[in-house]
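What follows is a single structure, written as structure tokens, with notes after it.
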Amino acid sequence: MSEDRSLNFIEEIIEEDIRNGKNGGRVHTRFPPEPNGYLHIGHAKSICLNFGLAQRYNGQTNLRFDDTNPEKEETEYVESIKEDVKWLGFNWANELYASDYFEQIYQFAVTLIKKGKAYVDDSTPEEIAEQKGTPTEPGRPSPFRERSIEENLRLFEEMRAGNYQDGEKVLRAKIDLASPNMHMRDPIMYRIRHAHHHRTGDAWCIYPMYDFAHGQSDSIEEITHSVCTLEFIPHRALYDWFIEQLEIFPSRQYEFARLNMTYTLMSKRRLLQLVNEGFVSGWDDPRMPTISALRRRGFTPASIREFCDRIGIAKRENIIDVSLLEFCVREDLNKTAWRRQAVLDPVKLVITNYPEDQVEFFDGENNPEEENGGGTRAVPFSRELWIEHEDFMENPTKKYFRLGPGLMVRLKHAYIVKCESFEKDEQGNITEIHCSYLPESKSGSDQTQIKVKGTIHWVSVPHAEKAEIRLYDRLFNVEDPAGDDSDFREHINPQSLQVIPEAYIEPDLKNAEAHKSYQFIRKGYFTLDKDSAPGKLVFNRTVTLKDTWAKEVKKQ
RNA sequence: AGUCUUGUAGUGUAAUGGUACCACGUCAGAUUCUGGCUCUGAAAAUCUAGGUUCGAACCCUAGCAAGACUACCA
């Protein structure tokens, strides 16, 4: 596989390994989520990396659930994670669980005890923390550190047998209490938890800690390149130490910087808080950065993969502009989404010289980016139309290309119209616009030679269907909602969801299909929400179109 | 404070001792029956100070800055 993109640092390491014949040139990665929450766009980066590496180097990727903490993990999360990975377009070689290795990991622990490299400690959590010392002062040995191998073996067996209460004893590695790396100061390997595990049930009451499970699982699966995020850098020494002591398959750990995105929260804990405290409707609320929310909102797997490819892989902390994600989804949807007309903020336009009961059907191309416009659908046209309020201006500025007294615009797919008059209510709101049309200006057979600057969309009043439309904006109004010490909840954007209960849509949209994207011309990309029901259409706005006019207006 | 990691346009990310690349964003223009798409162009960067070298973003030294670590979570 070759391309012009330069290699990221992990690819360089892998290619170096392949050149050196390491692992016989084999590449095997894994994606190791803990099933304690939903996957988000940050996980997508890791998924694309791990699966992408394997694809690129003819290797394989395991999906391994890191389920060593029974108190937080649930089957519901396992299912959603599998769905999300599949939806993103990746196939795992094996579906595995760290909990499958509990017996083997237990035996590893016994091996270490027999080597005099692990001991049972009766100290309390507070005592252990206190013994650990600080980064500048070395730790002190626990009074139980020098127990005999026989006693440790017996005690550890009793721990497994359920002879002790939660927290009464732990198994610790015997390494180096003076190490500048706090993780090497006799880290805990096993703790007692009389808890029900989502897969092993009540078979175990002792569970291995991350550091004594993750690397061992990697090794059991003969993972060649175990890729994780930066915060695990200090764990690497421990990762290597266990593998070396156990003399098992030498998996190697590499760390890259996790994804951060502007106006977005990425920690599972805070996302859970948003859900639990009702700031959003659930994990798949389209304003959330979760994969399920992005899917519901109308993002495509291809756009997310493209995004992950463009952001790159490196070791420095980063915060990606959310506009890059928006660019990626627009780029994809522009090529694939069918064009349709919808009026979100309607005002009536009457064509005074158009016959009362006449109806014409125009061909509207489905997608101008496709050959032959991607086919067409019939768009009904009549004397009365809905247009957007913002497409009329009583006192138009000189750069305004739409409707205003005496101004002409093209009605998309139809005729050129000229504004003759308008009506206002007592509050000064425009209530009706009267236009004349140029019969010779019909789309496709325009004889008028008239060049109008603007084209606007519309929906025929008698043919209009109604739909609820949900417009989403960023959930937070500051770039880094978790950045300072303030509560992120103070930065929630009160305008993040705007519901239009009754927008007018062209009749063809009655046939809208779930999971398909539509471009509402000049308004953005939309997709059917799962709240839709027969006779009740609900659309989510995925993203707006790029809007240089809005920027122009803002400048004034 | 100790150890570790990282510093390149606004944001990302290349350049591996030899012309600072590319993308998003920004700005200007062309085109357009979507103020979309497309096309053209512009502004914009090597944390600082020394050193090595014909030549340093890259190597060395010393600073500075940011982040991580001090859970019976992962």
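This is a predicted model, so every value here is computed, not measured. Here is the naming used below: chain letters follow the sequence lines, and residue numbers restart at 1 for every chain.
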Its contact letters, B for base, S for sugar-phosphate only and - for none at protein heavy atoms under 4.0 Å, make nucleotides 62-74 of chain B read -----SSSB-BSB
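Ring geometry for A/Phe520 versus A/Phe526: interplanar angle under 30°, hence parallel rather than tilted (30 to 60°). Taking the six-membered ring for Trp and thresholds of 30 and 60 degrees, A/His235 and A/His183 have ring planes inclined between 30 and 60 degrees apart. Relative orientation of the A/Tyr504 and A/Trp386 rings is parallel, given thresholds of 30° and 60° on the angle between their planes.
Residue A/Lys551 contributes atom NZ, which lies 13 Å from atom P of B/C24 at whole-angstrom precision. Between the CD1 atom of A/Ile387 and the C1' atom of B/G35 there is a distance of 16 Å, rounded to whole Å. A/Leu325 has its CG atom 15 Å from the P atom of B/G12, to the nearest Å. We find that CD1 of A/Ile313 is positioned 16 Å from C1' of B/U6, with the value rounded to whole Å. Put simply, CZ on A/Phe9 is 13 Å from P on B/U5, counting in whole angstrom units. What separates CD1 of A/Ile319 from P of B/G25 is a distance of 17 Å, to the nearest Å. What separates CG of A/Leu259 from C1' of B/U11 is a distance of 13 Å, to the nearest Å. Here the P atom of nucleotide B/G36 and the NZ atom of A/Lys453 are 13 Å apart, to the nearest Å.
Contacts of A/Phe65 with the nucleic acid, taken as non-hydrogen atoms under 4.0 Å apart, are absent. Using a 4.0 Å heavy-atom distance criterion, A/Gln519 is classed as a base contact. Among the atoms of the strands shown, only primed sugar atoms or phosphate atoms (P, OP1, OP2) are found under 4.0 Å from some heavy atom of A/Phe327. A/Gly454 comes within contact range of no nucleotide atom at all, as no heavy-atom separation falls under 4.0 Å. Contacts of A/Arg330 with the nucleic acid, taken as non-hydrogen atoms under 4.0 Å apart, are absent.
For A/Arg522, a side-chain nitrogen or oxygen approaches OP1 or OP2 of B/G35 to under 4.0 Å.
For the C1' atoms, the distance from B/C24 to B/U13 is 11 Å, rounded to whole Å. Rounded to whole Å, the P atom of B/U3 lies 12 Å from the corresponding atom of B/A62. Rounded to the nearest Å, the gap between the C1' atom of B/A20 and that of B/A44 is 13 Å. Across the P atoms, B/C72 and B/G67 are found 25 Å apart, a figure rounded to whole Å. Taking the C1' atoms as reference points, B/A9 lies 24 Å from B/U5, given to the whole Å. Distance noted for atom C1' between B/U11 and B/G17: 29 Å (whole Å). For the C1' atoms, the distance linking B/U40 with B/G7 amounts to 35 Å, nearest Å. For the C1' atoms, the distance from B/A45 to B/U8 is 6 Å, rounded to whole Å.
Two rings, from A/His214 and A/Phe232, have their centers 6.0 Å or more apart.
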For RNA chain B, what string of dots and brackets results from 5' to 3' when Watson-Crick and G-U pairs need both distances under 3.5 Å, crossing pairs get [ ], and pairs with another strand get |? .((((((..(((.....[...))).(((((.......)))))....(((((..]....))))))))))).....
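Proximity note for A/Ser6 (side chain, C-beta onward) versus B/A14, B/U34, B/G35: the nearest is B/A14. Residue A/Arg310 places its side chain closer to B/A23 than to any other of B/G10, B/G36, B/A23. When distances run from any side-chain atom of A/Arg316 to the nucleotides B/G7, B/U34, B/C37, the shortest one goes to B/G7. Residue A/Thr136 places its side chain closer to B/G2 than to any other of B/G2, B/U34, B/A14.
No more than 12 heavy atoms of other residues, nucleotides or ligands sit less than 6.0 Å from atom CH2 of A/Trp338. Dense packing is recorded around CD of A/Glu16, with more than 12 heavy atoms of other residues, nucleotides or ligands lying under 6.0 Å away.
Under the side-chain hydrogen bond (donor to acceptor under 3.5 Å, both in side chains) criterion, A/His413 pairs with no residue, sequence neighbours left out.
Using a 3.5 Å distance cut-off with no hydrogens or angles, the side chains of A/Glu34 and A/Asn36 do pair a donor with an acceptor. Inspection of the A/Tyr415 and A/Glu360 side chains reveals an N or O donor paired with an N or O acceptor under 3.5 Å.
Between the side chain of A/Arg339 and the base of B/U34, at least one donor-acceptor pair of N or O atoms lies under 3.5 Å. Side-chain to base pairing of A/Glu369 with B/G36: one donor and one acceptor N or O lie within less than 3.5 Å of each other.
Comparing A/Lys523 and A/Ile311 against RNA chain B, the residue whose closest nucleotide sits nearer the 5' end is A/Ile311. A residue-by-residue look at A/Pro368 and A/Asp321 shows that A/Asp321 has its nearest nucleotide of RNA chain B further toward the 5' end.
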Run the side chain to side chain donor-acceptor pair (under 3.5 Å) check on A/Ser226 and A/Arg30 step by step: do they pass? CA-CA 7 Å; A/Ser226 180; A/Arg30 101 269 91 114; 3.1 Å; yes
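When each of A/Gln341, A/Glu388, A/Lys523 is tested with A/His457 by the rule side-chain hydrogen bond (donor to acceptor under 3.5 Å, both in side chains), just one qualifies, namely A/Glu388.
A/Thr262 contributes no side-chain N or O that, together with a main-chain N or O of A/Glu479, makes up a donor-acceptor pair within less than 3.5 Å.
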